[in-house]
Every structure is written in structure tokens, then in C-alpha cells.
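Encoded as C-alpha cells, the structure appears first; notes follow it.
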Amino acid sequence: MKLLVTGGAGFIGPHFIRHVLQKYPTYSVVNVDKLTYAGNLENLRDVEADPRYRFVHGDICEAAAVREAARGVDAILNFAAESHVDRSILGADEFLKTDVVGTFTLLEAARELKIPRYVQVSTDEVYGSIDRGAFRESAPPKPTNPYSATKAGADLLVSAYWTTHRLPVLITRSSNNFGPNQYPEKVIPLFITNALEDRPLPLYGDGKNVRDWLYVVDNCAAIDLVLRAGVPGEIYNIGGGTEVENIVLTRQILRLLGKPESLIQRVTDRPGHDRRYALDCHKIRALGWKPGHDFGAALAETVRWYREHEAWWRPIKSGEFKAYYARQYVDRA
Ligand code: NAD
Ligand code: TYD
């Protein structure tokens, strides 16, 4: 099987590429990535010499480049996106381009080239917030911030290509991922690396927002299963089944690092901050998936990874991230 993976130099993409190359000796992967601030070829050092892997520096909004890369593949998996809520609040241009137009460009290529399978990697955020219970796949999207709105728009387009053109599409909607190589703008790597630097951990609002944490490796196994066994036209929720309040998560990170709770700094809340995300995962479980990692052990492993890989995150935090972070706090003040 030959796969086209887009956005394979970000956080989840490299874990997925590693997963398939290790698990399936006959698979090959073409990775198209624009290498935005979030793309980092360091995340793929261990696979770059594999003859079954090829990197293409490209933009999923460019139709000719996409068609060229997609020719002859058995499946497209679209991981490429602008993925950070806070950045989408500062400015949403690139979110509309990559998340919506980029998805459209890939769908058109898949249709023209008659690609047998298209997997859209989406998010639980498209459902919006839920106070009690959990969203099933049939729940209507109700996104609340520009990031989730563009992801929801993309999902609707993907579903429309099934209904209208019978393009064999599948959508995965996972909960918050964490693990090695996550860009330190997201809460877990931000808080780990800030704590390692003895800097404040900026906790939004009352700290009681809830996220359902999923170890990235488990998400990759689920996406692989959906690719192979999912029913075309269907959506699959993928949740970690571990709901944690942000304040509890923050204390857990500090404990793992042996750092004091005085590092916690309460800051103004994110505008439109979704209170709680929760997914009903019966459908993916019926396909034969369940999370394979315990949250506490996986968090400890993630903390260990950041502790041991300062050479990975220090250049990021003193580079592009620094300007972003400064802007984030000027704008919110
Ligand atoms: P990421 O931001 O770490 O990586 C995104 C990658 O896409 C980067 O390598 C970037 O260079 C690339 N990219 C951006 N614009 C591009 C373009 N126009 N053309 C080609 N490449 C482009 O994201 P991630 O955390 O790895 O998430 C991957 C996917 O999973 C996204 O679609 C995201 O919405 C979804 N998702 C993420 C999470 C999470 O917790 N991280 C949870 C659910 C769903
Ligand atoms: P984040 O990692 O940005 O993921 P998402 O917004 O996609 O869920 O944030 C996870 C939670 O952590 C969310 O409730 C917002 C909160 N958060 C903070 O309290 N402080 C921070 O600096 C960041 C980045 C997030």
C-alpha cells in the first residue's frame, strides 16, 4: 500500500508515518509538508533514510503539486492543518487556507485520480463544548473558535464529497493528543518546558476546563484501523477516555518534575474557551480499537522525553515561538 500523508512533519504525522513503516513492511509513504512554524524534519530523522519514505516540500493548497504527489497512491491521509486555537484567535487567514482550501484541493485530486481511500484527520473540537455526556458522531458540528470552525468546514466538505461524488472518504475525530515532539504552544509541552525553565505556567481562567487526553501513539493505531477497516462515508470518534481538569493536569506535571505549585500563574481566560470535550467512542471500539496506554504512565513518559530532549525544544522556544508567545500575552492583556 502506498500512502500520501500530508502534514507529516508536525506532531501526529511523524508518529503515524513511523507506525506504518514499522508495522507494514510493504507500505511506503510520501509525506507532503509545507514546513510552517509547526513542521520540523527533526521529527522524522529516524525514518528519512528508509527507502520506503519520501519527503516532498509542498503546500496542500497548490493543486498541481498535490496531484503530482497523489498520483498512484492507494490512500490520502490529511494531517496538514493550522492546529492551534490561540493562534486562530490572533489571526485566522492561514486556517481558512490550509484547513478548508487545502482539504478541498486534496479532495479534488482524490476525485480526479480516483484514489481508493481518503482519510480526514479531524478533531473533537468540531462538536463544541458539552457540559454532561458525550458527543456521538451523529451530533451536528457546533464549533466555537476559528480553528474548530475551519476544521468543521473541512469535515462538511469531506462528507459532501461522499454524498455527492461517492468519493470513499473517512473522518477521524480525536480528542487532545499528547506525547513526544508536540510543538510547545500546546498546553502539555508548554507547561513541561516552562516548568523545566522555572517559568510561570499560564493557566487560563479558573483552570477547570476539561480535556480528554489521548496518547499520540494510540491515535495513530486508531487512524490506521480506520484506514483499513472503516466504512466509507463514516466518521469515527477517537477518545482517550481520560478526562482531566486543566488544574489537575498542571499539578500532575509539576509533581512529575518536582517543581513547586507557585509556578502556576492564573491568566485571563481564552475568549470562547470550550469548557469540556467528551466523545462517545462506541463506533471505533466496535472496529476493535481501545487506548493502549495508561494516561499517568504516558504523561510521565512524555515528561521524561522533554527532559531528555532539550536540544529539540530549546531552539523552538527561543525562535519563532518567542515572538508568538509575546504577542499572545500583549493581545490578551
Ligand atoms: P501540527 O500543527 O503539529 O502539524 C501540522 C503540520 O502540517 C506541520 O508539519 C505543518 O508544516 C503542516 N502544514 C501546515 N499547513 C500546510 C499546508 N498548507 N500544506 C502542507 N503542510 C502544511 O498538527 P498536529 O498536532 O500534528 O495535528 C495533525 C492533525 O490532527 C491536524 O489536522 C489537527 O487538526 C488534527 N488533530 C490534532 C489534535 C492534537 O491534539 N494535536 C487533536 C485532534 C485532531
Ligand atoms: P491546548 O493545548 O491549546 O488544546 P485545545 O485548546 O485544542 O484543547 O489547550 C488545552 C487546554 O489547556 C485548554 O483548555 C486551554 C488550556 N490552556 C491553558 O490553560 N494555558 C495555556 O497556556 C494553553 C496553551 C492552554
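Atoms within each ligand, like the ligands themselves, are counted from 1 in listed order. Please read all numbers here as calculations on a predicted model, not as lab measurements.
When each atom of ligand 2 is checked for a heavy atom of V85 under 4.0 Å away, the hits are 6 (O), 7 (O). Of all the atoms in ligand 2, the ones that sit under 4.0 Å from a non-hydrogen atom of P202 are 18 (C), 19 (O), 20 (N), 21 (C), 22 (O). Shown in contact with H84 at under 4.0 Å from a heavy atom are these atoms of ligand 2, numbered in order with element: 3 (O). If you number the atoms of ligand 2 from 1 as listed, the ones under 4.0 Å from a heavy atom of H273 come out as 13 (C), 14 (O), 15 (C). Atoms of ligand 2 lying under 4.0 Å from at least one heavy atom of L203, given by number and element, are 19 (O).
Between W312 and N43, the side chains place a donor N or O and an acceptor N or O closer than 3.5 Å (distance only, hydrogens not considered). Residues E125 and Y277 bring a donor and an acceptor atom of their side chains to less than 3.5 Å of each other. For the residue pair Y161 and E108, a side-chain donor N or O sits within less than 3.5 Å of a side-chain acceptor on the partner. Checked by atom type, the side-chain pair R228/Y24 shows a donor-acceptor distance below 3.5 Å. Between the side chains of D124 and Y127, no donor-acceptor pair is found at a separation under 3.5 Å.
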Show me the short polar-atom pairs for ligand 1: any N or O of it lying under 3.5 Å from a protein N or O, with distances only.
| from | atom 1 | to | atom 2 | distance (Å) |
| --- | --- | --- | --- | --- |
| ligand 1 | 2 (O) | S83 | OG | 2.6 |
| ligand 1 | 3 (O) | F11 | N | 3.1 |
| ligand 1 | 9 (O) | G10 | N | 2.9 |
| ligand 1 | 9 (O) | D33 | OD1 | 3.3 |
| ligand 1 | 9 (O) | D33 | OD2 | 2.6 |
| ligand 1 | 11 (O) | D33 | OD1 | 2.6 |
| ligand 1 | 11 (O) | L35 | N | 3.4 |
| ligand 1 | 11 (O) | T36 | N | 3.0 |
| ligand 1 | 11 (O) | T36 | OG1 | 3.1 |
| ligand 1 | 18 (N) | D59 | OD1 | 2.9 |
| ligand 1 | 18 (N) | T98 | OG1 | 3.0 |
| ligand 1 | 19 (N) | I60 | N | 3.0 |
| ligand 1 | 21 (N) | K34 | N | 3.0 |
| ligand 1 | 23 (O) | S83 | OG | 3.4 |
| ligand 1 | 26 (O) | F11 | N | 3.1 |
| ligand 1 | 26 (O) | I12 | N | 2.8 |
| ligand 1 | 32 (O) | F79 | O | 3.0 |
| ligand 1 | 32 (O) | V121 | O | 3.4 |
| ligand 1 | 32 (O) | K151 | NZ | 2.7 |
| ligand 1 | 34 (O) | Y147 | OH | 2.7 |
| ligand 1 | 34 (O) | K151 | NZ | 3.1 |
| ligand 1 | 40 (O) | N177 | N | 2.8 |

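By the criterion of a heavy-atom distance under 4.0 Å, the side chain of N176, and not its backbone, is placed next to ligand 2. Residue contacts with ligand 2 for E185 involve N, CA, C or O but no side-chain atom from C-beta outward (heavy atoms, distance under 4.0 Å). With a 4.0 Å cut-off on non-hydrogen atoms, N209 touches ligand 2 through its side chain and not its backbone. Counting heavy atoms under 4.0 Å from ligand 2, residue D86 touches it through the side chain alone. Under 4.0 Å from ligand 2, the heavy atoms of L190 that appear belong solely to its side chain.
Atoms CD1 and CD, from I188 and Q182 in turn, are 7.0 Å apart once rounded to the nearest 0.5 Å. To the nearest 0.5 angstrom, E234 atom CD is 10.0 Å from I171 atom CD1.
The distance between the ring centers of Y37 and Y324 does not fall below 6.0 angstrom.
Ring geometry, F16 versus F79: the interplanar angle falls from 30° to 60°, so the pair is classed tilted.
Counting only heavy atoms of the protein, atom 8 (O) of ligand 2 lies nearest to R211 NE, 2.7 Å. Looking only at protein heavy atoms, the nearest one to atom 5 (P) of ligand 2 is E125 OE2, 3.4 Å. Nearest non-hydrogen protein atom to atom 19 (O) of ligand 2 is Y204 N, 2.9 Å. Closest to atom 16 (C) of ligand 2 among all protein heavy atoms lies N246 ND2, 3.5 Å. The closest protein non-hydrogen atom to atom 10 (C) of ligand 2 is V187 CG1, 3.5 Å.
Counting non-hydrogen atoms of other residues, nucleotides and ligands closer than 6.0 Å to CZ of R314 gives a total above 12. Around the CZ atom of R54, the shell of radius 6.0 Å holds no more than 12 heavy atoms that belong to other residues, nucleotides or ligands. In this structure, K23 places its NZ atom where more than 12 heavy-atom neighbours from other residues, nucleotides or ligands lie under 6.0 Å away. Surrounding NE2 of H282 are at most 12 heavy atoms belonging to other residues, nucleotides or ligands under 6.0 Å away.
Closest of all the heavy-atom pairs between P116 and D74 is CD-O, 3.3 Å. Nearest heavy-atom pair, K97 versus C61, reported as atom, atom and distance to 0.1 Å: O-SG, 3.3 Å.
Checking R266, R87, R270, Q265 against atom 3 (O) of ligand 2, the nearest heavy atom belongs to R270.
Looking at ligand 2, you won't find any N or O of D274 less than 3.5 Å from one of its N or O atoms.
Within the structure, ligand 2 has F191 among the residues with a heavy atom less than 4.0 angstrom away.
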